[in-house]
Amino acid sequence: MKTSKEVDFCKKLFYTNGRNKIIELLDNSNLTEKEKLLLHSRYIEGLKIKEMCEKFHIEEEAYKKSQRRTLIKFYNFIQA
C-alpha cells in the first residue's frame with residue numbers, strides 16, 4: 001500500500017518530536033479514544049504491527065487501513 005503525504009508527515013512528526021509533545025498533541029486532538037490508543041500504542045509504546053494486531057484483535061490488513069485513516073484524520077486536525 002502506497003503511503004500518502006499525510007501519513008508520511010505524521011510518522012515524521014512522531015519520530016522527530018519528544019514523547020511529551022506527541023502525548024499532548026494526541027490528547028488535544030479530535031481523535032476518538034480508540035484512535036488515540038492506536039497511535040499511542042504504535043508510536044509512543046513502540047509496538048510492532050504484529051503486536052498491534054494481537055492487542056486490538058484484528059487482522060494486519062484491517063489494522064493498516066485503520067492506522068492510515070487515523071493518521072490522515074490526525075494530519076487534517078494538525079493542519080486546521
Side-chain angles (χ1 to χ4, degrees):
M1 178 182 291
K2 185 178 177 218
T3 61
S4 66
K5 68 174 180 154
E6 296 91 346
V7 171
D8 290 339
F9 175 88
C10 288
K11 287 180 179 181
K12 185 176 180 181
L13 179 75
F14 288 128
Y15 293 130
T16 59
N17 284 277
R19 174 185 170 93
N20 291 337
K21 178 67 174 173
I22 297 305
I23 291 171
E24 181 183 335
L25 282 171
L26 288 174
D27 286 346
N28 295 320
S29 72
N30 64 339
L31 300 177
T32 66
E33 289 304 314
K34 185 174 181 178
E35 291 168 334
K36 289 177 186 178
L37 179 60
L38 184 136
L39 295 182
H40 188 276
S41 297
R42 180 78 169 118
Y43 296 103
I44 304 294
E45 294 176 29
L47 297 181
K48 305 287 186 225
I49 291 176
K50 185 175 181 177
E51 295 169 316
M52 294 294 293
C53 293
E54 290 171 4
K55 180 176 183 169
F56 289 98
H57 307 287
I58 57 175
E59 297 294 323
E60 187 173 322
E61 200 57 39
Y63 165 75
K64 288 179 180 180
K65 286 179 184 178
S66 180
Q67 176 183 278
R68 180 179 169 79
R69 281 192 308 269
T70 303
L71 288 171
I72 290 171
K73 182 177 177 181
F74 187 61
Y75 173 85
N76 290 328
F77 168 79
I78 291 171
Q79 297 302 313

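As a basis for the values below, the full set of heavy atoms in this structure was taken, side chains included, without hydrogen atoms, waters or symmetry mates.
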Working to the nearest 0.5 angstrom, can you tell me the gap between [X] [atom1] and [Y] [atom2]?
{"X": "Lys5", "Y": "Ile72", "atom1": "NZ", "atom2": "CD1", "answer": "10.5 Å"}
{"X": "Leu71", "Y": "Leu31", "atom1": "CG", "atom2": "CG", "answer": "9.0 Å"}
{"X": "Glu35", "Y": "Thr70", "atom1": "CD", "atom2": "OG1", "answer": "4.5 Å"}
{"X": "Tyr43", "Y": "Leu38", "atom1": "OH", "atom2": "CG", "answer": "8.5 Å"}
{"X": "Glu51", "Y": "Tyr63", "atom1": "CD", "atom2": "OH", "answer": "10.5 Å"}
{"X": "Glu33", "Y": "Leu26", "atom1": "CD", "atom2": "CG", "answer": "10.5 Å"}

Report yes if the side chains of [X] and [Y] come closer than 4.5 Å at any heavy-atom pair, otherwise no.
{"X": "His40", "Y": "Glu45", "result": "yes"}
{"X": "Ser29", "Y": "Lys73", "result": "no"}
{"X": "Lys55", "Y": "Leu37", "result": "yes"}
{"X": "Val7", "Y": "Gln67", "result": "no"}

Expected output: side-chain Ser66 to main-chain Ala62 donor-acceptor under 3.5 Å: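 Such a contact is absent between Ser66 side chain and Ala62 backbone.
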According to the interplanar angle, ranging from 0 to 90°, do the rings of Phe14 and Phe74 count as parallel (below 30°), tilted (30 to 60°) or perpendicular (above 60°)?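 Phe14 and Phe74: parallel rings.
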CD/Glu59: more than 12 non-hydrogen atoms of other groups inside 6.0 Å: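 Atom CD in Glu59 is not crowded, with 12 or fewer foreign heavy atoms closer than 6.0 Å.
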Which heavy atom of Ile44 sits nearest to which heavy atom of Arg19, and what is that distance?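 Smallest heavy-atom distance, with atoms named: CG2-NH1, 2.9 Å.
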Nearest heavy-atom contact between Ile22 and Leu13 is CD1-O, 3.6 Å
For a side-chain contact (heavy atoms from CB on, under 4.5 Å) check, start with the C-alpha distance between Ile49 and Arg42, then their side-chain angles and the critical distance, and finish with the verdict. CA-CA 8 Å; Ile49 291 176; Arg42 180 78 169 118; 3.7 Å; yes
From CA spacing to verdict: salt bridge (Lys or Arg N to Asp or Glu O under 4.0 Å), Lys64, Glu61: CA-CA 5 Å; Lys64 288 179 180 180; Glu61 200 57 39; 5.0 Å; no
